[in-house]
Q: 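I have a structure I would like to understand better, so I am pasting it below and will then ask my questions one at a time.
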Amino acid sequence: MSISQPNTLLPVPSGPLQIPPLAPAPTGTDERPLRFSLVIPTYKESQNIPQIVERLTQLLDSVIPNEYELIVVDDDSPDLTWKVAQELIPQYPQLQVMRREGERGLSSAVIRGWQVARGEVLGVIDADLQHPPQTLLQLWSEIQRGADLAAASRHVEGGGVSDWSPIRRFLSRGAQTLGLIILPGVVGRVSDPMSGYFLVRREAIAGKTMNPVGYKILIEVIGRGNIRWIGEVGYVFQERQEGESKVTWKQYVEYIGHLVRLRFARWPVARFFRFGAVGFSGVFVDMAIFYLLSDPSTLGWGLTRSKIIASELAIVNNFLWNDLWTFGDISSKQRGLRKRVKRFVKFNIICLAGLVLNVLLLNLLYNVLGLNRYVANLIAIAAVTFWNFWINLKLSWRVTEVKD
Ligand code: GDD
Ligand code: MN
């Protein structure tokens, strides 16, 4: 670490909120990446900043001296928090300060800080000492044990809130319950999804574009990151000694909006709608052929035989549209006739399996339950559409292997 680091402010990144992978060290230097970058977002925390920086420095010097950095990201606080922090730099050379003047908000502040961070592990802690600094060492050892994410929690052993009003407790739990209903696969993975005190491996979130709203960045990290192992550490949420909380009703509204947005981001909704529209065009192909072949007034063929031919022609129709449109972004990365034929073969096999299901269902609905043959056919088609979408998504176009 250079001795005479000028205490200039960090540049403020702009553009998408995306964490870059760790840049390789410039050649000819023995500069190694830091092990840990801890972001301290601040708004009007000038009274707290000297103390939090001192406590964190003491703690981290005891485990990873010279291998970490503290990054204060201040939103141009009127009490000049950024300036107070900047004046501490000569005393704490591992401290860096960013002063944001355009953009605002807790979550984006954290991400802007991570964007300039040099550490392999990224973290966030409040500046107001409500997050006990000593918990950081337990979080760090969770990461050392192999966790991708280590989150401080008020709701595991050793955790709690010190002196919250029943109303705030109720709102906090209510928000969590709502989260569980809307987004169980994310919110259900941690006991304290509202926690703003956690560490995450950079590689788990590098390259993902974050779209955080308001205060809750942890659900964004779990929702969009590639997080396998989560470690939790209990902590007691301390009373604020200086300054004031910035939480208002607006944060609760934003939180709900955020959950809904993440919900949609996790489901391939747009793709399913396209697939559904293509399937709908297939219904007309299927119905028309089915009518021509099976209706007593036309060819009058058997139900099953007519259905198989009608469906196969619908499959060809659907494949062409899906390959061009529904999964067009993926097909354009898997060019060439051979690959297209391969996709068609897979699509066809999956759809044929779906067709077996379709025929069984049609027979059940028509012969056993006695429904009108066209109504029965419609129901069978709808059920098989879901099957077809999921299996094709996972196998034919392999969306899971395509990085976005
Ligand atoms: N840069 C920046 N911009 N920092 C902000 C902003 C902002 O708009 N708003 C708040 N902060 C900083 C505060 O200065 C503080 O360091 C931290 O973010 C948390 O803000 P508080 O206003 O103190 O939040 P809280 O105490 O009510 O909420 C805490 O508890 C929640 C658990 O329910 C925070 O830790 C949340 O992150 C946590 O989720
Ligand atoms: Mn606070």
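In this text the structure is predicted, and so the values were computed from the model without any measurement. As the structure lists them, so they are numbered: ligands from 1, and atoms in each ligand from 1.
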Q: Is a side-chain donor or acceptor of Arg202 paired with a backbone partner of Pro20 at a separation under 3.5 angstrom?
A: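 Here the side-chain-to-backbone pair exists.
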Q: Heavy-atom contacts with ligand 1 below 4.0 Å: which residues, ordered by chain and residue number?
A: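 For ligand 1, the residues that come within the 4.0 Å heavy-atom cutoff are Pro41, Thr42, Tyr43, Glu45, Val73, Asp75, Gly105, Leu106, Ala109, Asp126, Ala127, Asp128, Gln130, His131, Arg154, Arg168, Met194, Ser195, Gly196, Tyr215, Lys216, Phe237, Arg240, Ser245, Lys246, Val247.
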Q: Around the Mn ion (ligand 2), what protein N, O or S atoms are found below 2.8 Å?
A: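 Less than 2.8 Å away from the Mn ion (ligand 2) sit Asp128 OD2, Gln130 OE1.
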Q: With no hydrogens and no angle check, just 3.5 Å: does a side-chain donor-acceptor pair link Asn363 and Asn367?
A: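 Yes, because at least one side-chain N or O of Asn363 sits under 3.5 Å from a partner of the opposite role on Asn367.
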Q: Could you tell me whether the side chain of Tyr366 reaches within less than 4.5 Å of the side chain of Ile379, counting heavy atoms only?
A: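 The answer is no, as the side chains (C-beta and beyond) never meet within the 4.5 Å cut-off.
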Q: Is there a donor-acceptor contact under 3.5 Å linking the side chains of Lys307 and Asn377?
A: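 Distance-only check passes for Lys307 and Asn377.
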Q: Are Arg112 and Glu103 close enough, and set up right, to give a salt bridge (charged side-chain N to carboxylate O under 4.0 Å, His left out), and what steps lead you there?
A: CA-CA 10 Å; Arg112 292 302 182 201; Glu103 214 169 21; 2.8 Å; yes
Q: Would you please test Arg100 and Asp76 for salt bridge (charged side-chain N to carboxylate O under 4.0 Å, His left out) and show each step?
A: CA-CA 6 Å; Arg100 296 203 305 171; Asp76 205 18; over 6 Å; no
Q: Considering only NZ, NE, NH1 and NH2 on the basic side and carboxylate oxygens on the acidic side, decide whether Glu101 and Arg99 come within less than 4.0 Å.
A: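 Result for this pair is yes, salt bridge flagged.
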Q: Suppose we call two aromatic rings close when their centres sit under 6.0 Å apart. Are Phe389 and Phe273 close by that rule?
A: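 No, ring centres 6.0 Å or more apart.
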Q: Is it true that a side-chain atom of Arg274 and a backbone atom of Thr326 form a donor plus acceptor pair closer than 3.5 Å?
A: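 Between the backbone of Thr326 and the side chain of Arg274 there is a qualifying donor-acceptor contact (under 3.5 Å).
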